[in-house]
Structures are given as structure tokens and as C-alpha cells.
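Working notes, structure below.
Side chains included, hydrogens not; waters and symmetry mates left out as well; all remaining heavy atoms used. In what follows, every chain begins at residue 1, and chains take the letters A, B, ... in the order their sequences are listed.
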Protein chains: 2
Amino acid sequence: MAKSGPAPTINDVARVAGVSKKTVSRVINRSPLLREATRAKVEKVIAELGYTPNPQARALALRRNFLIGLLHDNPNAQTVLNFQEGVLDAIRDTEFALVVRPVDRHSPAMLDDIRNFLEQQRLYGVLILPPISENDDLAALCREMGCGYVRMGSAALDEAEHLVQSNDREMVEGVVDYLVKLGHRRIGLIEGPSGFRSAFERREGFLAAMHRHGLEVPPAALAQGNYRFDSGHRAANELLSAEPRVTAIFASNDEMAAGAYHAARERGVEVPRQLSIVGFDDSPIAAHIWPPMTTVGWPIREMAKAAALKLVAPDSSEALPSSFPARLVTRNSVAEPG
Amino acid sequence: MAKSGPAPTINDVARVAGVSKKTVSRVINRSPLLREATRAKVEKVIAELGYTPNPQARALALRRNFLIGLLHDNPNAQTVLNFQEGVLDAIRDTEFALVVRPVDRHSPAMLDDIRNFLEQQRLYGVLILPPISENDDLAALCREMGCGYVRMGSAALDEAEHLVQSNDREMVEGVVDYLVKLGHRRIGLIEGPSGFRSAFERREGFLAAMHRHGLEVPPAALAQGNYRFDSGHRAANELLSAEPRVTAIFASNDEMAAGAYHAARERGVEVPRQLSIVGFDDSPIAAHIWPPMTTVGWPIREMAKAAALKLVAPDSSEALPSSFPARLVTRNSVAEPG
DNA sequence: TTGTAAGCGTTATCAG
DNA sequence: CTGATAACGCTTACAA
């Protein structure tokens, strides 16, 4: 047990162990060129003294901080927070810490801001959430600054080393299959904002599956949203005012799906008896709205952990998978067509 | 415009400006003992070179990092995220960064974990969210470690310097006043978990106002929850099965209030016609549930900003307020008793 | 008011 | 394999 007072430094360890501080440094950094006996001796002293290397000093010497940055511009709090938890899972009991950096993707200064941030903080690496993860200029900036990075995304945005991805397209195809199997033929889509890769992938999955089933998708079955609640409300109103009315709606995220619930309720359309609704994300709203919503859940926390490990322990086996399967979470917003 | 390549250091500035690096250091640190002319000259060179002090080096020399820690045990995703935004508002364009540290308040090792964290990272200071902000041992630990701290809370937990507080009790009194004015007499309370100061304050506000209005609070009008959705559902079921039935329910947070919505719906009790419901937090669920929920919103982002400023700029006027007023957000979950 | 010298705790270089 | 010695970029004495 180390007694308190000034924390022991590498010099203390070196002195007590009777070696040079460089040798201690080698032990800390797991240098292979060390006699086993020396290593053991030093490690014993380290344990005795309760020594921990000072990250600030290491940061200065290595010109690199032991900080993982999280860059996001996210509309969904739960996603960001789950992601943070996942990153923590990966760096728990390491010297790394997680620094968060919300940014504004609509600001023309975004890239400059991030450049300053990276320049100042000299991060070990950054994790980038959608939608800004889709920005190739940002990835290029990270490369240029010599800052590690991993992008989260719903498509193959980058090399495996820099990417953790979900299979949105495939999942949405599964949603359509599920609805069709129940008997639905007129299915509407509330799209996410153009420019978002996830929105694109989800739309493509929808269209592909409809086509595969030989089902038509008239323009009136397609409505544009922007991933926000209000846009889902508006889009659902469009969808529900066309005749013959759709019997099911897939919304590209839960928030818009919740908006669709409200539109249906205002029109006296009962969910799921007269209208089935499926969302995407499995955010808390899905479980808390009435009736509880069927949606697609993706393992954000595990993905976050994998992403962080790619940065801090690229060789660990857990860092390997780049693609994570989502799953359909069936609740009570889907029924056979009325 | 600085050209790229190795970033300029204090030595470059000193050389170009023809002064010693200590003088540059004085300029950076706004030392008062500097001739104005010298300062101007150095500042000019700093601007020309695009020099930024290296935080790692400063951290080493000062034995203190320019990092603000956020300690929380996820009270609610949106709250945490809004808080993060508020902190960023405060430290934007400074050398500070925000590091997040979710902890588990049920873990017996929590304090030790935090101690290690503080020891390792040598944070400039930490911001502590409820409910762990109520833990006095944690505050003592910060003091002991020489780490600045500010606690968020719903009561006077600490000195103004270390506290940013909301007026939960008063707000809940206001909620009851509002319901009583509409004609409600039998009002139920869904409490938060015992041991949470916020739950206590909200309960006390409720009881005080009921008493002030000369209204009874029979045991059947009090139900215990734990701030989670399911507990709200369960508690509302208890409340709604007692006769005469309550005509209004105040839930200590929105998540439990959403659970109460579900319980009402399952029993065929219509909100707000047969039952008024009021929540607390103004979280996204409140706006997205049907009918949109009347709730109490508190200015979390501004509070976060003030808290962060107390840490990084204790003298700024914005850091001054320690108490922030919440407000009633009226939507459609309240009506006159049926 | 300014400069000099000596750290802060680590890693890199290069010689043994 | 190991150890002096010099960085890393800044701050804090202490002088001048």
C-alpha cells in the first residue's frame, strides 16, 4: 500500500530498484529487450510503491495525449451516451480518458474548429459518430494531423482499421420482409435527411425489398423527413392523406416514428389496428410510447467499445470486427393489415 | 497565417520577439508586471506565428491538467448531454477540454475508482451531477485531492463556490398550486427513489403545498418509484386502483410520468380528461408522448455553463448565480377534473 | 520589469 | 540488455 504524500515518480522506482530510469521506462512500455529478472524486480518495486506513470509527462515526451476524443453532432442523446459508455468499457483501467466534443455540422467553421481542437489537445485519436463521420474531409484532416481515428457508419466509409459499421440496409430489408409476411402491401417510407448515409442506406434497403417482393412504391408512399420528431409528424400526415391509404409505415428513425404516432392519433387512425409503424434505433422513446414500438436496435455500446479498441489496442481480438448486426425489436406497433 | 510544420513553441516566440521565454510566459499568463510595450510586441509575434501554448507542457509544469471532468451516474441521457453542451459553452475557445466519467453509484469501489481517476488525470476540476453530487464523501475526496469541484443539486449541498442548484421544491409547490386552481383535490404523487435529494425536495414541495391548501394526502395517494419508466407504471397502477380515484398525478420525473401514461391507457383512463399528469425534467419524452406532457423544465444548459465557469473563471459574472429557476412547461396532459 | 537556471516526469539517442 | 544525457515546452524560483 502506497502511503499518501507526493506520488512516487519514475525516479523513485529507479532508485529503489537500483536501476536507471530508462530501464523502468522500458518496463512500463513493455520493451522486449529486457532481461526477465530485471523486469520482475522493477515490477515488484512498482507494485510496492504503488507507482503510476504520470500521463502529463508522457504526453509531453511523446507529443501525444492519452485522450480519446468523441466527435459528434448528434440529435439522439441516448445514442451518444450509450456510445460514451461503450468507449469507457474499452478504456476502463487504462490510462486513457474520454473527452467529448460536440460540433455543429452546419457551421462553416466546423473543420477549422476541429483542427484547432486536435492541434491543441494532441489527442491520441478520435471516434467520429454519424453523420459527421461521413465527412471525408474530416477523415483527411485527422490523417493530416497524425491523429488516429475511427468512423462509425452505416456503410463502408473507410478501411476496416478506421471503421465500425452497422448493416442498416440489410436490417431495413428485414423490416419490409416482416411487414410483407404479415400481409402488408402498401407500405410507406419516411426518409431521413438527404446527405445522411444512414438515411440513404435505409431507403435503399426499403426500396430493394419492396422491389424484390414485386411491390410498387408510388411517390405518395415516400415522404421526406429530417430525423426530427416534427418532420415525422408532417411526413406521416402526407402519407396518410393519400388514397388508398398505406397500412404500414417504416420511419428511418424512432423519433420520426413517434411523430407518425401523433399524426395517426390526430387523424383517429389506430396503431397498430389500422396502421403498423416501425422505427429504427430502439431509442427510449420506442419503449415508452404507446403502444410500445417495434423498431430496429443496434448494439451501439459494443460498437463503441470495438471502435475505441481499434484506437487504443488495434491488435486486440475485440477490436477486430468492423461490422455489427442490428436486430429487430418486436413490440406492439405492428399487426396484420386491418 | 502560420504555415504548417512543427507548431511554434514558446522559444520561437521568444527568439522572434527578442525577449526571454519567461517574458513570453508572462504574457501568456497575463502577469501584471509587464511593460505594456513588451506585452504588445510579444502578442504581435504570437499572432504572427499562430502560437498556442502546449497544454501538455503546461500540465506538466503546473501539475494540473486543463481538463474538466464530468462525474455522473447517468440520471437521464438527455440531461447529461445537455449538461455537456452547457459545459462546452463555457469552455469553448479556451484551452480546456471536457472529459466524461460515468460511474456506478452502486459499486462499493466508486470512491476508489474516482480517486484513481483524479490521481491519474490530475484534473483541473470536476463537475458532479445528481445523484452522486449529494455524496459528501465524494466532495471531501475532491478537496483532499486538491481537485476543484462544483456540485449540481436540488438543495444547498455546499458553499456557493461549489454549488449550482435548482429550486425543485418551490417548483413542485407551483405544480400543485396550478392543479388546485384548476379544481383538483385528490392529487397523487409518484415519488423518486429514497436517498435522492431531488426526490426528497420534490416530495416535500408536494406535501407542503397540499398542506397549505388544506388538502389531505392519504397514504393511497403516495406511491414509490425509482425514476425509471417501469416504476412509474407500477406506481400509477397503485394510485389508480384506490378509491376515490385521484384526478391528477404528479410524477417526480418525466420517465415515471410516461409510465403513468401507460398505466392509465391500459386501464382505459383517458389523459387528461379523466386524469391529469404532470412530470418533471422536460425531457424529450414529454414532448413526444401523447398527449404532450405538462412538466417542469429546468435550465440545465445554463446551469452547466455556470458550473463550468465557477471552475475555470470563478471571477466571471456569469459564474455567479448559484441558483437557477425552473419553469412550468404547459402542454396537454392537464385539464380540469373530469 | 526582465532574464537565468533549474526543474516538472517521462521518453529518445546513443554509447557501452 | 542497460544507462548517461539530452530533449519535450512550459513554469517557478531567484537574480539582476
Side-chain angles (χ1 to χ4, degrees), chain A residues 2 5-43 45-46 49-67 94-96 119-122 124 146, chain B residues 2 5-43 45-46 49-67 95-96 119-124 146:
Chain A
T9 75
I10 198 172
N11 289 304
D12 300 321
V13 176
R15 187 166 32 70
V16 174
V19 298
S20 79
K21 61 200 231 183
K22 179 66 217 183
T23 299
V24 179
S25 172
R26 288 199 176 92
V27 173
I28 297 167
N29 295 291
R30 313 185 179 295
S31 158
L33 351 92
L34 259 183
R35 206 186 326 159
E36 194 44 53
T38 316
R39 173 192 310 285
K41 180 173 59 177
V42 173
E43 263 166 359
V45 175
I46 288 181
L49 262 44
Y51 163 74
T52 331
N54 176 320
Q56 284 75 48
R58 305 234 286 155
L60 180 56
L62 292 168
R63 280 92 168 253
R64 166 174 268 213
N65 235 320
F66 290 92
L67 296 176
T94 72
E95 64 211 318
F96 287 95
E119 212 156 55
Q120 271 237 332
Q121 300 295 337
R122 298 268 173 76
Y124 194 89
Chain B
T9 75
I10 198 172
N11 290 305
D12 300 321
V13 176
R15 188 167 29 72
V16 174
V19 298
S20 78
K21 62 198 228 184
K22 178 64 223 187
T23 299
V24 179
S25 171
R26 289 203 176 88
V27 173
I28 296 168
N29 294 292
R30 313 185 177 294
S31 159
L33 352 91
L34 258 183
R35 207 184 327 159
E36 195 44 53
T38 316
R39 174 192 309 286
K41 181 172 60 177
V42 173
E43 263 166 359
V45 175
I46 288 181
L49 262 42
Y51 165 74
T52 330
N54 176 320
Q56 283 75 48
R58 306 228 298 156
L60 180 56
L62 292 168
R63 292 178 189 94
R64 165 173 268 213
N65 235 321
F66 290 91
L67 295 175
E95 64 209 319
F96 286 96
E119 212 155 56
Q120 271 237 333
Q121 300 296 337
R122 297 268 172 75
L123 299 183
Y124 194 89

Roughly how far, to the nearest 0.5 Å, is the [atom2] atom of [Y] from the [atom1] atom of [X]?
X     : Y     : atom1 : atom2 : value
B/N54 : A/R63 : CG    : CZ    : 9.5 Å
B/D12 : B/K21 : CG    : NZ    : 11.0 Å
A/I10 : A/R15 : CD1   : CZ    : 12.5 Å

Taken to the nearest whole Å, CG/A/N65 to P/D/dC8 is 18 Å
Could you tell me how far apart B/I46 (CD1) and D/dC10 (P) are, to the nearest whole angstrom?
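Computing the B/I46:CD1 to D/dC10:P distance gives 10 Å.
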Closest to the A/R35 side chain: D/dG3, C/dG3, D/dT2?
D/dT2
Where at least one partner belongs to residues 25-34 of chain B, residue pairs that pass side-chain hydrogen bond (donor to acceptor under 3.5 Å, both in side chains), sequence neighbours excluded:
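Residue pairs passing side-chain hydrogen bond (donor to acceptor under 3.5 Å, both in side chains), neighbours aside: B/S25-B/N29, B/N29-B/R58.
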Can you list every side-chain hydrogen bond (donor to acceptor under 3.5 Å, both in side chains) pair that touches residues 34-43 of chain A, not counting sequence neighbours?
none
Using a cut-off of less than 4.0 Å, is there contact between a side-chain N or O of B/T38 and OP1 or OP2 of C/dT1?
no
Closer than 4.0 Å, any side-chain N/O of B/T23 to the OP1 or OP2 of C/dG3?
yes
Name all residues meeting the side-chain contact (heavy atoms from CB on, under 4.5 Å) criterion together with B/T52; count only those two or more places apart in sequence or in a different chain, and write none if there are none.
A/Q120
By side-chain contact (heavy atoms from CB on, under 4.5 Å) - contacts of B/V45 (at least two apart):
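B/V45 satisfies side-chain contact (heavy atoms from CB on, under 4.5 Å) with B/V13, B/V16, B/A17, B/L49 only.
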Closest heavy-atom contact between B/I28 and B/Y51?
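Of all heavy-atom pairs spanning B/I28 and B/Y51, the closest is CD1-OH, 3.5 Å.
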Helical bend (five base pairs per end, nearest 10°) for the helix from C/dT1-D/dA16 to C/dG16-D/dC1:
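The angle separating the two end axes equals 30°.
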With sugar-phosphate taken as primed atoms, P, OP1 and OP2 and all else as base, the protein-contact string of nucleotides 8-16 of chain C at under 4.0 Å (heavy atoms; B, S, -) is BBBBBB---
